[in-house]
Amino acid sequence: MVEGAAGGEPVSEELATSMRTGLCGRLGLDDVGRRVRLCGWVARRREHGEHLAFVDLRDYSGVVQCVVDRAVEVRGEDVVAVEGIVRRRPEGTANPRLATGEVEIAECRIERLAAAQTPPLSPEDRVEPDEALRMRYRYLDLRRPRLQRNLRLRAQVSSALRSAIERHGFCEVETPLLWAPTPEGAREFAVPSRLHHGSFYVLPQSPQLAKQLLMVAGFDRYYQIARCLRDEDPRADRQYEFTQFDLEASFVSQEDVMAIVGDVVRAAAQAVLGEPPGPIETMTYDEAMSRFGTDKPDLRFGMELVDLGPALTGTGLRALAAPQRRAITVPGGGQTSRSRLDGLVDRARQLGAPGLAWFRVQAGETGPILESPLAGHLSDQERAALLAATGAEPGDLVLAVAGEEWRSVCTVLGALRVDLGGQEPGPRPSRFVWVVDFPMFKGLDETGRPVPAHHPFTMPHPEDLDRLATDPLSVRAQAYDLVLNGWELGSGSVRIHRPDVQRSVFAALGISEAEARGRFGFLLDALAYGAPPHAGFAFGLDRLVAIFCGEENIREVIAFPKTQSGADLMTGAPKPLSDAALAELGLAPPAR
RNA sequence: GGACCUGUGGUGCAGCUUGGAGUGCACGCCGGCCUGUCAAGCCGGAGGUCGCGGGUUCAAAUCCCGUCAGGUCCGCCA
């Protein structure tokens, strides 16, 4: 018996049913002499002369070899039932690379339960099929060990998370998928109403407001493994629909939530990786930006940003004369080719930088030499100061960016750091980090209104509350992100639980009383009936599992993902609706 | 909305720079041989709209333009 994936009651290891006595991959010497009946797919067939053939039978647990007569007509991916005797393989024919390699099934009677066409991609292939083909035949792709492993590991993570969060007294509550439009932030998927032509539900970008209402309702601690939907262009780490592990608690501080989330995430890591990661460190948003050029720092490698301001004060080099100038050092990058450097300059421009200065550091007779078209515009003192500030050694590459704005200069270098970093060999253990003290607002829009960095229900830092109207950009939010290896796993915040504070935040955002009522009236009403102080968090399950699986794309941990253009290559979605179906929804047929 | 990469028998690739007969490799498939293989082996065979459309040229998988699909990224993702 083994522990069930749910960590609860043990389940039978054999999964015996009326059709089979057990699983292929579990057979061993202990079973020798048993008469077994097995079901599965034909993984491979090897023929040897007039009568002998071997058929490898596969189910999810593994493969076992069956000895059959050549006349048996089964081929790859047929579904068969095999009845026979488990026997030890003849001397010298055991296969140590196979878990069941000591035994084989003899005296086989094979029944074909379903014939298979030759598949366009096979789990037995040794090459990685084209992505489009994989998605079109996803049910075949899912037969492959990689995706079997990923999805089963995902189930283990979910299960471990549920167990851990329930130990903290959290109660699972489901919230609606058909929600009301609350325009703000991510674009929403709309669902037309059949009974109310011209009106729409939207699919929730997150259960944010619903879970706050559950706090008002007195549930105290809520969680949900919630599907979220955002109509924004997919990426390697984003799909239209994705899964959040979502939680909210009453009468808690930011630190309480961080402790709980840290505990459940570590429990999940323990469950699938065998050992919990080290303690999760904490860093402020300002520190993350200035050291790593991002609010989601990858701490698995160095290459931190350094400030070149003092080193180059009053420089005559125009490319680095702007108020903000920072640099990273790429260890061993001194041999980077000119074309590769041109590519980095293009990348910096694409990221919004006016340019990128590079310096290949070479060993000279009297010390390191900076090799760069720009080096001649620096004085001896400036060259020495640049080397001292970056700590660059001969053989390294220094990349520097200058600009008006601290944040954008850092962001460009942060992206280059990730592009170039972490290529040193050797193991790189995962590094969780909390990023705290986010600014309440990202900046100002064209009309001078502050742009919220989080959703508008985030509680400002109490010390900064009185600057909301006068100096909004200096206001910190009680918001916190959890970051793993450079991926933003999730974010959370202390919520506003008082209507007067909520009104002043809306006012700072330039949202009028009437507009706020129109969009969030139900929330304002609820806050008026006694809302407990509450705070919460949500993190992307797809991303967490992808990292645990060593995958770089969340499609690899989603059973039926969509392409970057939002298509489902298997079902053909999205598809047109008939004119009749459109009419029933009160929608006009598209112009043809 | 934009940038870049990819598209060649069922599958994965090479061929494209420098135009010259659908040429090649591996897997799979079909047939034959083979009684201990396990990525079986050996022999033979079938299988092609070089994504699609247009252009240049005596001649296009190859060069040019457009377009479609997949991917990576920018914008976007409160």
Side-chain angles (χ1 to χ4, degrees), chain A residues 43-58 63-70 75-77 89-98 100-101 104 106 116-122 124-137 140 182-188 204-206 208-209 228-240 242 343 346-353 411-412 415 418-419 438 440-442 445 450-458 477 479 488 491 493 505-506 509 511 519-520 540 552-553 555 561-567 569:
Chain A
R44 246 190 192 95
R45 177 187 174 118
R46 294 176 294 279
E47 294 190 352
H48 288 268
E50 203 174 347
H51 290 297
L52 178 66
F54 299 105
V55 167
D56 288 341
L57 184 65
R58 180 190 75 234
V63 164
V64 69
Q65 172 170 288
C66 306
V67 186
V68 303
D69 190 278
R70 204 181 100 146
R75 33 179 266 149
E77 301 307 311
R89 291 197 188 185
E91 189 73 27
T93 63
N95 182 354
R97 290 199 304 274
L98 207 59
T100 60
E104 62 191 8
Q117 298 176 356
T118 301
L121 62 97
S122 158
E124 306 306 316
D125 284 347
R126 301 184 293 279
V127 292
E128 185 69 12
D130 179 73
E131 294 248 12
L133 195 73
R134 294 180 57 201
M135 282 190 273
R136 178 170 170 201
Y137 296 98
L140 297 180
T182 55
E184 187 90 38
R187 188 179 299 114
E188 296 164 325
Q205 357 175 342
S206 85
Q208 179 60 38
L209 295 177
C228 304
L229 300 108
R230 296 180 187 175
D231 189 2
E232 301 290 353
D233 292 0
R235 285 281 193 283
D237 62 349
R238 291 177 359 210
Q239 286 265 311
Y240 280 160
F242 60 101
D346 287 345
R347 168 80 168 150
R349 293 217 173 96
Q350 190 186 27
L351 291 162
T411 302
V412 172
V418 170
D419 288 348
F438 274 77
M440 191 80 182
F441 305 101
K442 281 190 286 203
D445 67 12
V451 181
H454 289 70
H455 55 67
F457 319 110
T458 301
E488 182 194 321
S491 58
S493 64
V505 168
F506 282 148
L509 290 170
I511 300 175
R519 286 199 216 165
F520 312 114
E552 292 184 351
N553 194 303
R555 284 193 302 269
K562 292 182 178 53
T563 69
Q564 194 159 33
S565 64
L569 298 182

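Computed from a predicted structure; not experimentally measured. Keep in mind that the numbers below use all heavy atoms, side chains included, and drop hydrogens, waters and symmetry copies. First the proteins, then the strands, lettered A, B, ... as listed; each starts at 1.
With both ends at atom C1', the span from B:A60 to B:G22 equals 13 Å, rounded to whole Å. Separating the C1' atom of B:G9 from that of B:G2 is a span of 36 Å, rounded to the nearest Å. Across the P atoms, B:C74 and B:U57 are found 43 Å apart, a figure rounded to whole Å. Taking atom P in both B:G24 and B:G45, the straight-line distance is 12 Å, to the nearest Å. For B:A40 and B:A21, the P atoms lie 37 Å apart once the distance is rounded to whole Å. Nucleotides B:C73 and B:G31 have their P atoms positioned 46 Å apart, rounded to a whole Å. If you take atom P in B:C5 and the same atom in B:C63, they sit 13 Å apart, rounded to whole Å. Distance check on atom C1': B:C33 versus B:C50 gives 36 Å, rounded to whole Å.
In this model, a side-chain donor or acceptor of A:Gln65 finds a partner on the base of B:U37 within 3.5 Å. Residue side chain A:Arg238 reaches the base of B:C77 through a donor-acceptor N/O pair under 3.5 Å, judged by distance alone. Contact annotation: side chain of A:Arg134 to base of B:U11, donor-acceptor pair absent below 3.5 Å. One can find a donor-acceptor pair under 3.5 Å joining the base of B:G36 and the side-chain atoms of A:Glu104. Below the 3.5 angstrom threshold, one finds a donor paired with an acceptor across the side chain of A:Asp233 and the base of B:G75.
Across all strands shown, A:Ala453 has heavy atoms under 4.0 Å from sugar-phosphate atoms exclusively, and none from any base. Within 4.0 Å (heavy atoms only), A:His48 reaches at least one base atom of the nucleic acid. Residue-level contact check: A:Pro90 touches the bases, meaning some heavy atom is under 4.0 Å from a base atom. When heavy atoms are screened at a 4.0 angstrom cut-off, A:Glu124 is found touching no nucleic acid atom at all. Contact annotation for A:Arg75: backbone-only contact, meaning every heavy-atom pair under 4.0 Å involves sugar-phosphate atoms and none involves a base. Residue-level contact check: A:Asp130 touches the backbone only, with heavy atoms under 4.0 Å from sugar-phosphate atoms and none from bases. Looking at heavy-atom distances under 4.0 Å, A:Ala106 makes no contact with the nucleic acid at all. At a threshold of 4.0 angstrom between heavy atoms, the contacts of A:Thr93 include nucleobase atoms, whether or not backbone atoms are also involved. Residue A:Gln208 is in base contact, counting any heavy-atom pair closer than 4.0 Å across all strands shown. Among the heavy atoms of the strands, none lies under 4.0 Å from A:Asp231. Using a 4.0 Å heavy-atom criterion, one finds that A:Arg347 contacts the sugar-phosphate atoms exclusively.
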Exercise for review: Go through the steps to decide whether A:Thr563 and A:Arg555 satisfy the test side-chain hydrogen bond (donor to acceptor under 3.5 Å, both in side chains), and finish with yes or no.
Suggested key: CA-CA 9 Å; A:Thr563 69; A:Arg555 284 193 302 269; over 6 Å; no
Exercise for review: Go through the steps for A:Gln65 and A:Val63 under the test side-chain contact (heavy atoms from CB on, under 4.5 Å), then give the verdict.
Suggested key: CA-CA 7 Å; A:Gln65 172 170 288; A:Val63 164; over 6 Å; no
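Proximity of A:Arg70 to the phosphate of B:U35: no side-chain N or O atom is located under 4.0 Å from OP1 or OP2. Residue A:Thr118 places none of its side-chain N or O atoms closer than 4.0 Å to OP1 or OP2 of B:C29. In this model, the phosphate group of B:G36 is not approached by any side-chain N or O of A:Asn95 to a distance below 4.0 Å at OP1 or OP2. In this structure, A:Arg230 reaches the B:A78 phosphate: one of its side-chain N or O atoms is under 4.0 Å from OP1 or OP2. In terms of phosphate contacts, A:Arg555 brings a side-chain nitrogen or oxygen within less than 4.0 Å of OP1 or OP2 of B:U72. Neither OP1 nor OP2 of B:A78 sits under 4.0 Å from any side-chain N or O of A:Gln205. Taking only side-chain nitrogens and oxygens, A:Ser565 comes nearer than 4.0 Å to OP1 or OP2 of B:G70.
Taking a pair to require two hydrogen-bonding distances under 3.5 Å in either a Watson-Crick or a G-U wobble arrangement, B:G66 pairs with B:C52. Searching all strands for a Watson-Crick or G-U wobble partner of B:U23 with both distances below 3.5 Å returns B:A14. Within the shown strands, B:C29 is the pairing partner of B:G45 under the Watson-Crick or G-U definition, both distances less than 3.5 Å.
In this structure, A:Leu140 places its CG atom 13 Å from C1' of B:U11, rounding to the nearest Å. When rounded to the nearest whole Å, the span between CZ of A:Arg46 and C1' of B:C42 equals 17 Å. A:Tyr137 has its OH atom 15 Å from the P atom of B:G70, to the nearest Å. Taking atom CD of residue A:Glu131 and atom P of nucleotide B:G70, one finds them 11 Å apart after rounding to whole Å. With rounding to whole Å, A:Phe506 atom CZ is found 16 Å from B:A78 atom P. Across the protein-nucleic acid pair, A:Gln564 atom CD and B:G75 atom P stand 14 Å apart, rounded to whole Å. If you take CZ of A:Phe54 and C1' of B:G41, they are 13 Å apart, rounded to a whole angstrom. The interatomic distance linking A:Arg349 (CZ) with B:G75 (P) rounds to 17 Å, in whole Å.
In this structure, A:Gln208 CD and A:Cys228 SG are separated by 10.0 Å, a value rounded to the nearest 0.5 Å. In this structure, the separation between CD on A:Gln564 and CG on A:Asn553 is 9.0 Å, given to the nearest 0.5 Å.
Counting only distance, with no hydrogens or angles, the side chain of A:Asn95 and the backbone of A:Arg97 share a donor-acceptor pair below 3.5 Å. The main-chain N or O of A:Glu128 is never found under 3.5 Å from a side-chain atom of A:Arg134 such that the two would form a donor-acceptor pair. When atom types are taken as modelled, the side chain of A:Arg89 and the backbone of A:Glu104 share no donor-acceptor pair closer than 3.5 angstrom.
Taking only side-chain atoms of A:Leu351, from C-beta outward, the nucleotide of B:C74, B:A78, B:C38 with the closest atom is B:C74. For A:Leu52, whose side chain is taken as the heavy atoms from C-beta onward, the closest listed nucleotide among B:U11, B:A40, B:G36 is B:G36. Side-chain atoms of A:Thr563 lie closest to B:G71 of the nucleotides B:G71, B:U72, B:A78.
Ring orientation note: the planes of A:Phe54 and A:His48 are nearly perpendicular, at an angle over 60° on the 30°/60° scale.
When each of A:Leu133 and A:His51 is assigned the nucleotide of RNA chain B bearing its nearest heavy atom, the one mapping closer to the 5' terminus is A:Leu133.
Between A:Val505 and A:Met440 there is a side-chain heavy-atom pair separated by less than 4.5 Å.
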